[in-house]
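Excluded from the calculations below are hydrogen atoms, water molecules and symmetry mates; all remaining heavy atoms, backbone and side chain alike, are included.
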Amino acid sequence: MRRFVIGSARNLIESSRQKYQFERSILSSSYRFLSSSPAADSPSSSSSSSTMAHLVSLSTINPKVIECEYAVRGEIVTLAQKLQEEIQTKPDAHPFEEILYCNIGNPQSLGQQPITFFREVLALCDHPAILDKSETQGLFSADSIERAWQILDQIPGRATGAYSHSQGIKGLRDTIAAGIEVRDGFPADPNDIFLTDGASPAVHMMMQLLIRSEKDGILCPIPQYPLYSASIALHGGTLVPYYLDEATGWGLEVSELKKQLETSRSKGITVRALVVINPGNPTGQVLAEENQKAIVEFCKQEGLVLLADEVYQENVYVPEKKFHSFKKVSRSMGYGEKDIALVSFQSVSKGYYGECGKRGGYMEVTGFGVDVREQIYKVASVNLCSNISGQILASLVMSPPKVGDESYESYSAERDGILSSLARRAKTLEDAFNKLEGVTCNKAEGAMYLFPRIDLPEKAIKAAEAAKKAPDAYYCQRLLAATGIVLVPGSGFGQVPGTWHFRCTILPQEEKIPAIVTRLTDFHKSFMDEFRG
């Protein structure tokens, strides 16, 4: 038996050796064939290993990619991530224990908890098998179970892992349209709703639709959210800036819109659309309804598409201001589909929900002809569909628990707790900035940011020039290195020439705000002393 096993092993080894030699000869022959081919004999083949690395370089890629910038995740954040890695490997490497990311509106990364009802419904939809289990009744609220069943019944095959209609699941669009109608008091059509992976793809889609060449312009606020400048650059258009008035709390003056429109037209630019961000990012202002009416009238008279970024509609912190959607305002003025083209953007990433990673959102497209709508649908269909969890969340955001539902009290407590805390944080940071030498900060009426202005000493500006940095970027880098606080320089958002700003989120948890204020105050005093006189 032993002799048989040894013999079998030898036969197996010999067979494997012969197979290896056969495969090797085939590979060798193939290599010789390729080496003797015309392509291999070409002049470039001898240095192919060295030239391959240069086939794609900055000089050969799309110049529009190089032109676009996104300051919110720019150089400062890259430096912050490097510092964070150093802290993890060597905790005593820097005079701070953690990096405080005040650069981006990413609430849950800074400790904000998700809304329980929303997450319960998502969990049940993603794992419907537990809906029939008796234990589920004790773990989930009755209305979250009921809502999950309703949503699953709207999804073909109850499959949250399957593609949906390219505009989004019809039943969810019905829910969103009903929520818009409740909010505005005017009808909404589910066929006007395009569900997207957050608001950003919707903005890109509209830029792709409207921009034909560099001769097409888009009116954008300055300061602006860098998504707009980046998407305009990527799609080959021209950003037409209009400046918000810092002296009047970042006011939007129609006279400024007219001035910039006329200037651009005199240069041969065809202005296609007006972007309005309300509440404002990075500036935090909330537009008055009368101001919005004037903006609607301006767009109607000038034949501009109104692109309304309304992702912070739940984030209003002052009692004297309320959010009004541009659709509500235009309909209240008696303007309908044939009078004005309006696209409204909403997202699950902001508000009190802060579900950035779930990538949910939508745009409501009104005032476009059927033929153009078909083109929008075609562009949406190229991406197949947005993710289903994001679609579900978008429907929940626009149709949360109501009075009488089992989850209503806990839901409203979570919502109100988050929003009231954000208001307190905004006020604390606003007061702290206004106490700093050379810093002025407008009131944060809404959104998630403050955008203080900083008057830097001449010596600091010269030091920034020597370092080949914008002065506000130089300040933010020095702040990061000394305190671990990450801010975004105002130069990344645009600002009146000769002025300097930075954007700070109000999102770090409330108990951390005093430490942030202390670190910032100490650094600022030291910085100003260093460059004084």
Side-chain angles (χ1 to χ4, degrees), residues 68-81 83 99-105 220-230 239 241 243-247 250 277 280-285 429-430 432-442 444 447-508 516-517 519-532:
C68 89
E69 294 182 355
Y70 189 66
V72 173
R73 289 179 181 257
E75 183 182 7
I76 295 283
V77 180
T78 302
L79 291 172
Q81 291 167 343
L83 290 175
I99 301 296
L100 292 166
Y101 288 96
C102 299
N103 63 298
I104 193 168
C220 280
I222 297 296
Q224 53 98 28
Y225 176 42
L227 164 67
Y228 291 98
S229 55
L239 186 149
Y243 289 91
L244 302 177
D245 186 0
E246 187 169 8
W250 300 112
I277 307 173
N281 175 12
T283 45
Q285 84 283 11
L429 286 168
E430 174 198 325
F433 286 134
N434 281 318
K435 289 177 182 176
L436 299 179
E437 179 187 354
V439 176
T440 54
C441 183
N442 282 326
M448 295 178 171
Y449 316 99
L450 293 162
F451 199 66
R453 175 173 175 172
I454 178 169
D455 293 323
L456 293 165
E458 189 62 31
K459 285 176 66 176
I461 294 173
K462 288 181 178 178
E465 290 173 353
K468 297 182 179 179
K469 303 287 182 187
D472 47 10
Y474 180 72
Y475 178 89
C476 289
Q477 284 194 12
R478 288 285 300 271
L479 173 71
L480 171 62
T483 67
I485 298 172
V486 188
L487 304 179
V488 188
S491 46
F493 298 88
Q495 52 200 342
V496 172
T499 67
W500 310 108
H501 300 77
F502 54 81
R503 189 185 80 164
C504 178
T505 73
I506 60 173
L507 294 174
I516 291 173
V517 170
R519 286 195 214 177
L520 186 60
T521 302
D522 291 346
F523 164 79
H524 185 78
K525 183 179 184 304
S526 174
F527 183 90
M528 297 299 278
D529 287 344
E530 178 182 348
F531 292 104
R532 195 185 310 279

Quick check: closest heavy atoms across V486 and A80, and the distance to 0.1 Å?
CG2-CB, 3.6 Å

Just verifying a value: how many Å separate I277 CD1 and Q224 CD, rounded to the nearest 0.5 Å?
7.0 Å

Taking salt bridge (charged side-chain N to carboxylate O under 4.0 Å, His left out) as the cut-off, I'd like each qualifying pair that reaches into residues 476-500, sequence neighbours left out, listed once.
R478-E530

Do N442 side-chain atoms and F451 backbone N/O form a donor-acceptor pair below 3.5 Å?
no

Can you list, pair by pair, the side-chain donor-acceptor contacts under 3.5 Å of residues 461-472, counting residues two or more places apart and other chains?
residue: K469; atom: NZ; partner: E75; partner atom: OE1; Å: 3.2
residue: K469; atom: NZ; partner: E75; partner atom: OE2; Å: 2.6
residue: D472; atom: OD1; partner: S491; partner atom: OG; Å: 2.9
residue: D472; atom: OD2; partner: G490; partner atom: N; Å: 3.2
residue: D472; atom: OD2; partner: S491; partner atom: N; Å: 2.9
residue: D472; atom: OD2; partner: Q495; partner atom: NE2; Å: 2.9

Taking all non-hydrogen atoms of both residues into account, name the closest pair between A447 and G284 and its distance.
CB-CA, 4.3 Å

With ring pair (Phe, Tyr, Trp, His ring centres under 6.0 Å) as the test, pick out the partner of Y475 among F527, F531, W500.
F527

How would you list, by chain and number, every residue that makes a side-chain contact (heavy atoms from CB on, under 4.5 Å) with N434, sequence neighbours excluded?
E430, T440, C441

From L239 CG over to I222 CD1, what is the distance, rounded to the nearest 0.5 angstrom?
5.5 Å

With sequence neighbours left out, the residues meeting salt bridge (Lys or Arg N to Asp or Glu O under 4.0 Å) with R519 are none

Mind checking whether W250 and P282 have side chains closer than 4.5 Å, heavy atoms only?
no

Can H524 and V439 be said to form a side chain to side chain contact (heavy atoms under 4.5 Å, CB included), step by step?
CA-CA 10 Å; H524 185 78; V439 176; 3.7 Å; yes

Distance, nearest 0.5 Å, that separates CG of D455 from CE of M528:
8.0 Å

Which residues satisfy the salt bridge (Lys or Arg N to Asp or Glu O under 4.0 Å) test with K525, sequence neighbours excluded?
D529

Picking from N281, N103, T283, what satisfies side chain to side chain donor-acceptor pair (under 3.5 Å) with R503?
N281

Provide the closest heavy-atom pair for G105 versus L507 in the form atom of the first, atom of the second, distance.
CA-CD1, 3.5 Å

Name all residues meeting the salt bridge (Lys or Arg N to Asp or Glu O under 4.0 Å) criterion together with E458; count only those two or more places apart in sequence or in a different chain, and write none if there are none.
none

Spacing of T505 atom OG1 and L450 atom CG [to the nearest 0.5 Å]:
9.0 Å

Do C504 and F433 come close enough that some side-chain heavy atom pair is under 4.5 Å?
yes

Distance (rounded to the nearest 0.5 Å) between F502 CZ and L479 CG
7.5 Å

Close side-chain approach of C220 to S229, heavy-atom, < 4.5 Å:
no

Atom CG of L83 and atom CG of L480: how far apart are they, to the nearest 0.5 Å?
5.0 Å

Any heavy-atom pair between the side chains of Q477 and L79 that's under 4.5 Å?
yes

